[in-house]
Enquirer: 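This is the structure, below, for whatever I ask next.
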Amino acid sequence: MPDGAHKKVKLNVRVTSSKKEEWLDSLNDDENLSSLVRRAVDREINNEYIPKKAINNLSGNTGQADVDLSPLLDQIDDLQRSVTSVENKIDTISVAQADEGEDEDIEELAMDLLPRLPTYPNDIPNDVLEGMGGIGERSPREFILYIMEARQEISHLSIDGSAQRFSSEIREPTYLVKEALCYLENNTTENVHSAIIDGTRHWMRL
(Lines give C-alpha, C1' and ligand atoms only; values in the text may rest on other atoms or scores of the structure.)
Protein backbone atom coordinates (compact mmCIF):
# COMPACT_ATOMS: atom_id res chain seq x y z
CA MET A 1 0.00 0.00 0.00
CA PRO A 2 1.16 3.54 -0.59
CA ASP A 3 2.45 5.32 2.46
CA GLY A 4 4.08 8.57 3.46
CA ALA A 5 3.68 11.49 1.05
CA HIS A 6 2.04 9.28 -1.57
CA LYS A 7 -0.68 7.93 0.71
CA LYS A 8 -4.12 9.18 -0.31
CA VAL A 9 -7.00 9.85 2.06
CA LYS A 10 -10.57 9.80 0.83
CA LEU A 11 -12.64 12.85 1.75
CA ASN A 12 -16.40 12.94 1.41
CA VAL A 13 -18.01 16.27 0.58
CA ARG A 14 -21.75 16.73 0.86
CA VAL A 15 -23.36 19.39 -1.32
CA THR A 16 -26.86 20.09 -2.59
CA SER A 17 -27.98 18.70 -5.92
CA SER A 18 -28.06 22.18 -7.43
CA LYS A 19 -24.48 22.88 -6.29
CA LYS A 20 -23.33 19.58 -7.77
CA GLU A 21 -24.93 20.51 -11.09
CA GLU A 22 -23.22 23.92 -10.95
CA TRP A 23 -19.85 22.27 -10.39
CA LEU A 24 -20.43 19.78 -13.20
CA ASP A 25 -21.17 22.65 -15.58
CA SER A 26 -17.84 24.25 -14.61
CA LEU A 27 -15.69 21.21 -15.41
CA ASN A 28 -13.07 21.40 -18.11
CA ASP A 29 -13.03 18.65 -20.72
CA ASP A 30 -10.36 16.63 -18.89
CA GLU A 31 -11.68 17.17 -15.36
CA ASN A 32 -13.93 15.37 -12.92
CA LEU A 33 -15.45 16.58 -9.68
CA SER A 34 -12.52 15.33 -7.63
CA SER A 35 -9.93 17.22 -9.67
CA LEU A 36 -12.11 20.35 -9.64
CA VAL A 37 -12.31 20.29 -5.84
CA ARG A 38 -8.56 19.65 -5.50
CA ARG A 39 -7.75 22.56 -7.84
CA ALA A 40 -10.12 24.91 -6.03
CA VAL A 41 -8.75 24.02 -2.61
CA ASP A 42 -5.14 24.38 -3.74
CA ARG A 43 -5.84 27.82 -5.20
CA GLU A 44 -7.61 28.92 -2.04
CA ILE A 45 -4.75 27.77 0.17
CA ASN A 46 -2.11 29.42 -2.05
CA ASN A 47 -4.09 32.68 -2.41
CA GLU A 48 -4.20 32.31 -6.18
CA TYR A 49 -7.69 33.75 -6.51
CA ILE A 50 -8.46 37.40 -7.23
CA PRO A 51 -11.65 38.52 -5.49
CA LYS A 52 -14.38 39.59 -7.93
CA LYS A 53 -14.85 42.75 -5.90
CA ALA A 54 -11.23 43.72 -6.53
CA ILE A 55 -11.65 43.15 -10.27
CA ASN A 56 -14.82 45.24 -10.32
CA ASN A 57 -13.09 48.05 -8.41
CA LEU A 58 -10.19 47.98 -10.84
CA SER A 59 -12.51 48.09 -13.83
CA GLY A 60 -14.51 50.92 -12.34
CA ASN A 61 -11.40 53.03 -11.71
CA THR A 62 -9.84 52.74 -15.17
CA GLY A 63 -11.16 56.17 -16.13
CA GLN A 64 -9.50 57.67 -13.07
CA ALA A 65 -6.18 56.13 -14.07
CA ASP A 66 -5.86 58.35 -17.15
CA VAL A 67 -2.84 60.61 -16.89
CA ASP A 68 -2.31 63.84 -18.78
CA LEU A 69 0.95 63.20 -20.63
CA SER A 70 0.88 66.38 -22.71
CA PRO A 71 3.51 68.22 -20.57
CA LEU A 72 5.85 65.24 -20.88
CA LEU A 73 5.25 65.00 -24.63
CA ASP A 74 5.95 68.73 -24.98
CA GLN A 75 9.26 68.26 -23.17
CA ILE A 76 10.16 65.35 -25.47
CA ASP A 77 9.38 67.50 -28.52
CA ASP A 78 11.57 70.30 -27.15
CA LEU A 79 14.36 67.84 -26.47
CA GLN A 80 14.08 66.42 -30.00
CA ARG A 81 14.31 69.91 -31.47
CA SER A 82 17.38 70.62 -29.35
CA VAL A 83 19.05 67.38 -30.44
CA THR A 84 18.30 68.15 -34.10
CA SER A 85 19.73 71.64 -33.71
CA VAL A 86 22.92 70.26 -32.15
CA GLU A 87 23.21 67.64 -34.92
CA ASN A 88 22.92 70.37 -37.53
CA LYS A 89 25.60 72.51 -35.89
CA ILE A 90 28.02 69.60 -35.39
CA ASP A 91 27.57 68.38 -38.95
CA THR A 92 28.03 71.88 -40.39
CA ILE A 93 31.18 72.50 -38.32
CA SER A 94 32.65 69.12 -39.26
CA VAL A 95 32.47 69.87 -43.00
CA ALA A 96 33.50 73.53 -42.84
CA GLN A 97 37.17 72.94 -42.06
CA ALA A 98 38.53 73.14 -45.60
CA ASP A 99 42.02 74.56 -46.08
CA GLU A 100 42.30 77.77 -48.07
CA GLY A 101 44.43 76.03 -50.68
CA GLU A 102 41.58 73.65 -51.44
CA ASP A 103 38.96 76.33 -52.22
CA GLU A 104 39.28 76.00 -55.99
CA ASP A 105 39.10 72.20 -55.82
CA ILE A 106 36.01 72.35 -53.58
CA GLU A 107 34.31 74.80 -55.93
CA GLU A 108 35.03 72.57 -58.93
CA LEU A 109 33.75 69.51 -57.09
CA ALA A 110 30.65 71.44 -56.07
CA MET A 111 29.85 72.23 -59.69
CA ASP A 112 30.27 68.55 -60.57
CA LEU A 113 27.84 67.59 -57.80
CA LEU A 114 25.18 70.18 -58.61
CA PRO A 115 23.45 68.28 -61.46
CA ARG A 116 23.43 65.12 -59.33
CA LEU A 117 21.37 66.65 -56.53
CA PRO A 118 17.72 65.57 -56.18
CA THR A 119 15.63 68.45 -57.54
CA TYR A 120 12.12 69.67 -56.80
CA PRO A 121 9.86 69.04 -58.64
CA ASN A 122 11.66 67.14 -61.41
CA ASP A 123 12.78 64.16 -59.32
CA ILE A 124 9.50 63.65 -57.47
CA PRO A 125 6.80 61.41 -59.03
CA ASN A 126 3.63 63.22 -60.09
CA ASP A 127 1.36 61.25 -57.75
CA VAL A 128 3.58 62.18 -54.81
CA LEU A 129 3.55 65.84 -55.85
CA GLU A 130 -0.25 65.82 -56.06
CA GLY A 131 -0.60 64.07 -52.73
CA MET A 132 1.67 66.47 -50.86
CA GLY A 133 0.34 69.64 -52.47
CA GLY A 134 3.76 71.05 -53.31
CA ILE A 135 6.07 72.68 -50.81
CA GLY A 136 3.25 74.79 -49.40
CA GLU A 137 4.20 76.64 -46.23
CA ARG A 138 6.99 74.23 -45.35
CA SER A 139 10.47 75.60 -44.88
CA PRO A 140 13.17 74.02 -47.09
CA ARG A 141 14.35 71.91 -44.16
CA GLU A 142 10.81 70.79 -43.33
CA PHE A 143 10.18 69.85 -46.95
CA ILE A 144 13.34 67.77 -47.20
CA LEU A 145 12.47 66.03 -43.93
CA TYR A 146 9.00 65.29 -45.29
CA ILE A 147 10.30 63.88 -48.58
CA MET A 148 13.00 61.73 -47.00
CA GLU A 149 10.63 60.30 -44.39
CA ALA A 150 7.99 59.65 -47.07
CA ARG A 151 10.41 57.25 -48.78
CA GLN A 152 9.64 54.68 -46.09
CA GLU A 153 6.00 54.49 -47.20
CA ILE A 154 6.28 55.23 -50.93
CA SER A 155 8.28 52.52 -52.67
CA HIS A 156 8.76 54.41 -55.96
CA LEU A 157 10.04 57.55 -54.23
CA SER A 158 13.77 56.88 -54.45
CA ILE A 159 15.51 60.07 -53.40
CA ASP A 160 18.92 60.09 -51.75
CA GLY A 161 20.75 63.38 -51.28
CA SER A 162 23.45 62.11 -48.92
CA ALA A 163 27.17 62.77 -49.27
CA GLN A 164 27.74 59.03 -48.91
CA ARG A 165 25.76 58.35 -52.09
CA PHE A 166 27.62 60.99 -54.12
CA SER A 167 30.95 59.86 -52.72
CA SER A 168 30.27 56.35 -53.97
CA GLU A 169 29.16 57.59 -57.40
CA ILE A 170 32.07 59.92 -58.15
CA ARG A 171 34.69 58.10 -56.05
CA GLU A 172 35.67 61.08 -53.97
CA PRO A 173 36.23 61.08 -50.19
CA THR A 174 33.02 61.67 -48.27
CA TYR A 175 34.44 64.58 -46.29
CA LEU A 176 35.36 66.43 -49.51
CA VAL A 177 31.90 65.77 -50.93
CA LYS A 178 30.35 67.20 -47.76
CA GLU A 179 32.51 70.30 -48.04
CA ALA A 180 31.45 70.77 -51.66
CA LEU A 181 27.77 70.31 -50.80
CA CYS A 182 28.03 72.82 -47.97
CA TYR A 183 29.70 75.19 -50.41
CA LEU A 184 26.69 74.85 -52.73
CA GLU A 185 24.32 75.47 -49.85
CA ASN A 186 26.07 78.42 -48.25
CA ASN A 187 28.03 80.14 -51.02
CA THR A 188 25.91 79.93 -54.16
CA THR A 189 22.46 80.98 -55.36
CA GLU A 190 21.53 77.49 -56.60
CA ASN A 191 18.77 77.06 -53.96
CA VAL A 192 20.52 74.08 -52.39
CA HIS A 193 19.22 73.18 -48.93
CA SER A 194 19.75 70.32 -46.49
CA ALA A 195 18.30 68.54 -43.48
CA ILE A 196 19.43 65.74 -41.20
CA ILE A 197 17.34 62.56 -41.18
CA ASP A 198 18.30 59.76 -38.79
CA GLY A 199 21.80 61.17 -38.40
CA THR A 200 22.47 61.60 -42.14
CA ARG A 201 22.34 64.97 -43.91
CA HIS A 202 20.58 65.09 -47.27
CA TRP A 203 20.81 67.91 -49.83
CA MET A 204 18.23 68.95 -52.44
CA ARG A 205 17.68 71.76 -54.95
CA LEU A 206 14.36 73.48 -54.26
Side-chain angles (χ1 to χ4, degrees), residues 67-206:
V67 178
D68 183 9
L69 297 178
S70 55
L72 178 59
L73 295 176
D74 289 341
Q75 292 182 28
I76 292 176
D77 288 341
D78 291 341
L79 179 59
Q80 182 61 51
R81 283 192 290 269
S82 298
V83 170
T84 301
S85 176
V86 171
E87 284 181 337
N88 286 330
K89 291 178 181 178
I90 291 175
D91 189 76
T92 301
I93 291 173
S94 68
V95 299
Q97 304 297 325
D99 294 330
E100 292 183 2
E102 296 179 340
D103 282 352
E104 292 184 4
D105 293 337
I106 292 299
E107 184 175 351
E108 182 179 349
L109 179 57
M111 294 301 106
D112 290 340
L113 288 169
L114 185 61
R116 296 177 178 271
L117 289 177
T119 303
Y120 172 86
N122 299 343
D123 294 327
I124 302 175
N126 289 332
D127 60 316
V128 178
L129 284 174
E130 293 174 0
M132 67 186 300
I135 294 180
E137 297 181 357
R138 301 180 183 93
S139 68
R141 176 182 170 276
E142 290 172 340
F143 177 78
I144 296 174
L145 285 172
Y146 175 86
I147 284 293
M148 294 302 169
E149 291 174 353
R151 297 179 306 171
Q152 301 175 6
E153 301 177 359
I154 305 175
S155 58
H156 60 288
L157 180 59
S158 56
I159 288 185
D160 185 346
S162 67
Q164 289 81 357
R165 170 209 157 189
F166 300 129
S167 173
S168 176
E169 288 180 355
I170 64 177
R171 300 185 180 279
E172 290 282 357
T174 302
Y175 78 93
L176 287 179
V177 172
K178 282 188 174 182
E179 290 178 10
L181 291 169
C182 282
Y183 175 88
L184 286 173
E185 182 175 4
N186 300 313
N187 298 289
T188 70
T189 58
E190 299 292 346
N191 291 324
V192 175
H193 302 274
S194 69
I196 293 178
I197 298 91
D198 296 331
T200 300
R201 185 183 288 272
H202 290 262
W203 282 263
M204 286 188 68
R205 296 180 71 184
L206 304 179

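Note that these values count all heavy atoms, side chains included, but never hydrogens, waters or copies made by symmetry.
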Enquirer: Which heavy-atom pair separates P115 from D112 by the least distance, and what is that distance?
Expert: CD-O, 3.4 Å
Enquirer: Using side-chain hydrogen bond (donor to acceptor under 3.5 Å, both in side chains), reason through T174 and Q164 one step at a time and then give a plain yes or no.
Expert: CA-CA 6 Å; T174 302; Q164 289 81 357; 5.9 Å; no
Enquirer: To check you understand the geometry: which heavy-atom pair defines the closest contact between L113 and A180, and what is its length?
Expert: CD1-CB, 3.6 Å
Enquirer: Sub-3.5 Å donor-acceptor pair from the side chain of E142 to the main-chain atoms of S139, do we have one?
Expert: yes
Enquirer: Could you state the interatomic distance from CG (L206) to CD (E190), rounded to the nearest 0.5 Å?
Expert: 12.5 Å
Enquirer: Atom CD1 in I197, atom NE2 in H202: separation rounded to 0.5 Å?
Expert: 5.0 Å
Enquirer: If the condition is ring-ring contact (aromatic ring centres under 6.0 Å, His included), which residues does F166 pass it with, not counting sequence neighbours?
Expert: none
Enquirer: Side chains of D127 and H156, heavy atoms from C-beta outward: is any pair under 4.5 Å?
Expert: yes
Enquirer: Once ring-ring contact (aromatic ring centres under 6.0 Å, His included) is applied, do any residues pair with Y183, and if so which ones, sequence neighbours excluded?
Expert: none
Enquirer: Output the distance between atom CD1 (I135) and atom CG (L129), rounded to the nearest 0.5 Å.
Expert: 9.5 Å
Enquirer: Flag the pair L117 / M204 as yes when at least one side-chain heavy-atom distance between them is below 4.5 Å, and no otherwise.
Expert: no
Enquirer: Roughly how far, to the nearest 0.5 Å, is the CD1 atom of I144 from the CD1 atom of I159?
Expert: 10.0 Å
Enquirer: Taking all non-hydrogen atoms of both residues into account, name the closest pair between A163 and V177 and its distance.
Expert: O-CG1, 3.8 Å
Enquirer: Is any side-chain heavy atom of H193 closer than 4.5 Å to one of W203?
Expert: no
Enquirer: Taking the six-membered ring of Y120 as reference, does the NZ or CZ atom of R205 fall below 6.0 Å from its centre and within a 45° cone about the axis?
Expert: no
Enquirer: For the residue pair I147 and L157, what are the closest heavy atoms and their distance?
Expert: O-CD2, 3.7 Å
Enquirer: Mind checking whether L181 and E179 have side chains closer than 4.5 Å, heavy atoms only?
Expert: no
Enquirer: With rounding to the nearest 0.5 Å, note down the distance linking CD1 in I196 to CE in M148.
Expert: 12.5 Å
Enquirer: Which residues pass the side-chain contact (heavy atoms from CB on, under 4.5 Å) test with P173, not counting sequence neighbours?
Expert: Y175, L176
Enquirer: Do the side chain of S194 and the main chain of V192 share a donor and acceptor less than 3.5 angstrom apart?
Expert: no
Enquirer: What is the minimum heavy-atom distance between A195 and L145, and which atoms define it?
Expert: CB-CG, 4.0 Å
Enquirer: So D160 and R151, do their side chains get closer than 4.5 Å, heavy atoms only?
Expert: yes
Enquirer: So, R165 side chain and S162 main chain: donor-acceptor pair closer than 3.5 Å or not?
Expert: no
